Amino acid sequence: MKILAIESSCDETAAAVVEDGRRVLSSVVASQVEEHRRYGGVVPEIASRMHAEAIVPVTQQALQQAGMDLQEVDAIAVTYAPGLIGALLVGVNFAKGLCLATGKPLIPVHHLRSHIAANYLAHPQLKPPFLCLVVSGGHSHIVQVTDYTRLKVVGHTRDDAAGEAFDKAARAMGMPYPGGIDLDKAAEGGDDSAFRLPHPRVDGAPYDFSFSGLKTAVVNIIHNAGQKGEEVSTADLSASFRKAVVDCLIDRFCLAARDTGSCTLVTAGGVSANTLLRRRLQDICAQNGWGLYMPPLSLCGDNAAMVGAQGFYEYQSGRVAGLDLNAYATMSIEK
Ligand code: KG4
Ligand code: ZN
């Protein structure tokens with residue numbers, strides 16, 4: 001089954017053709033990041049307008065790269081939640097138009113489920129059940145994936161997402177949006193014990209995260225040094241911050257793995273590109289004899305190939321939408 005997939009939940013307009021949930025026939029991503037960089041973050045209205053401009057050419061390119069025309073695809077999958085509502089609506093309405101014109105089935109896909117499915121493209125042998133750490137710019141979850149479309153949230157962030165924390169700390173250090181990747185690079189040359197940063201826990205919720213205090217601590221360190229006329233080493237502060245975030249992520253993820261008896265661990269989302277997170281998980285999983293699957297760097301960020309992968313399994317479980325499909329800014333991954 002060949003699925004044309006569309007993604008427009010944030011600041012990437014993407015289209016892809018994926019066969020049987022596992023084989024990428026084409027994948028095109030048009031990033032708006034340069035445009036949003038000048039404002040220090042994503043401007044929702046600009047994102048929507050840029051999706052409206054890019055969606056037709058990006059889809060045409062994806063079909064062309066796959067060597068297909070629209071009539072040859074079997075279904076159309078689209079990200080319908082969660083994300084920026086105006087951005088999601090561009091993709092949802094466009095996909096509905098394609099379905100109306102062709103009579104193909106419309107498959108609604110949850111954005112975070114698709115991040116998890118990026119792993120199905122890279123790892124043919126990977127099948128549920130497994131435990132997944134989903135860490136993106138907007139979400140941080142520990143999810144038990146019992147089947148392709150049956151998921152249970154075990155833990156989540158109480159405030160900022162991990163990616164958001166990376167971006168805010170990077171911005172405080174003067175790095176351009178989105179910042180997470182630059183902070184990661186700067187940290188490689190720094191001393192991670194240079195600054196003592198909090199490792200917050202959430203009372204009564206052993207698998208939950210809280211990152212907003214960590215970001216505030218970074219802002220305070222920079223502010224206090226500025227008042228004393230002292231220089232803060234960006235490399236050292238980046239390394240200390242990155243270690244604190246990764247310590248928290250790994251601590252909760254491994255605890256959840258032990259308590260749920262999961263011996264296959266998976267990561268998903270933009271932050272799973274983080275160098276330290278990848279390194280530490282590789283070591284821990286090797287020590288414990290756990291299987292570890294992470295998306296290649298090219299599939300960590302937003303793309304439509306992952307939407308085509310999850311779309312296949314949603315379709316197989318009977319999930320097809322009518323042409324009255326709406327977009328939703330928030331939605332549980334369990335739905
Ligand atoms: O999953 P994603 O592409 O978009 C959302 O669905 O949010 O994640 C983007 C997030 C951004 O916050 C970005 O800074 C972060 O992933 N990110 C990283 C790294 N690469 C991307 N954070 C830490 N280290 C990285 N290497
Ligand atoms: Zn994403």
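Note that ligands are numbered from 1 as they come in the structure, with each ligand's atoms numbered from 1 the same way. Scope of the values below: all heavy atoms of this structure, side chains included, with no hydrogens, waters or symmetry mates. These numbers come from a predicted model, not from an experiment.
- Between Glu34 and Arg37 there is a salt bridge, with a side-chain nitrogen of the basic residue lying less than 4.0 Å from a carboxylate oxygen of the acidic one.
- Applying the 4.5 Å side-chain rule to ILVMFWY residues, one finds Leu4, Ile6, Val17, Leu25, Ile55, Val56, Leu63, Met68, Leu70, Val73, Ile76, Val78, Tyr80, Val90, Phe94, Leu98, Leu100, Leu106, Leu323, Leu325, Tyr328, Met331 in the same cluster as Val92.
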Item to check | Working for salt bridge (charged side-chain N to carboxylate O under 4.0 Å, His left out), residues Glu19 and Arg22 | outcome: CA-CA 6 Å; Glu19 190 172 9; Arg22 296 278 177 167; over 6 Å; no

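- Within a 6.0 Å radius of OH in Tyr315, no more than 12 heavy atoms belonging to other residues, nucleotides or ligands are found.
- Look at Glu45 and Arg49 and you find a salt bridge, because one of the NZ, NE, NH1 or NH2 atoms lies within 4.0 Å of a carboxylate O, short of that distance.
- For the residue pair Met175 and Ala186, the shortest heavy atom distance occurs at CE-CB, 4.0 Å.
- For ligand 1, the 4.0 Å heavy-atom shell takes in His111, His115, Ser136, Gly137, Gly138, Gly163, Phe166, Asp167, Pro178, Gly180, Ile181, Asp184, Gly269, Gly270, Val271, Ala273, Asn274, Gly301, Asp302, ordered by chain and residue number.
- Atom CD of Glu231 is surrounded by 12 or fewer heavy atoms from other residues, nucleotides or ligands within 6.0 Å.
- Checked against ring-ring contact (aromatic ring centres under 6.0 Å, His included), Tyr293 has the following partners two or more places apart in sequence or in another chain: His123.
- Within a 6.0 Å sphere centred on CD of Gln64, heavy atoms belonging to other residues, nucleotides or ligands number 12 at most.
- Legend: protein N/O/S atoms lying under 2.8 Å from the Zn ion (ligand 2), waters omitted, number 3.
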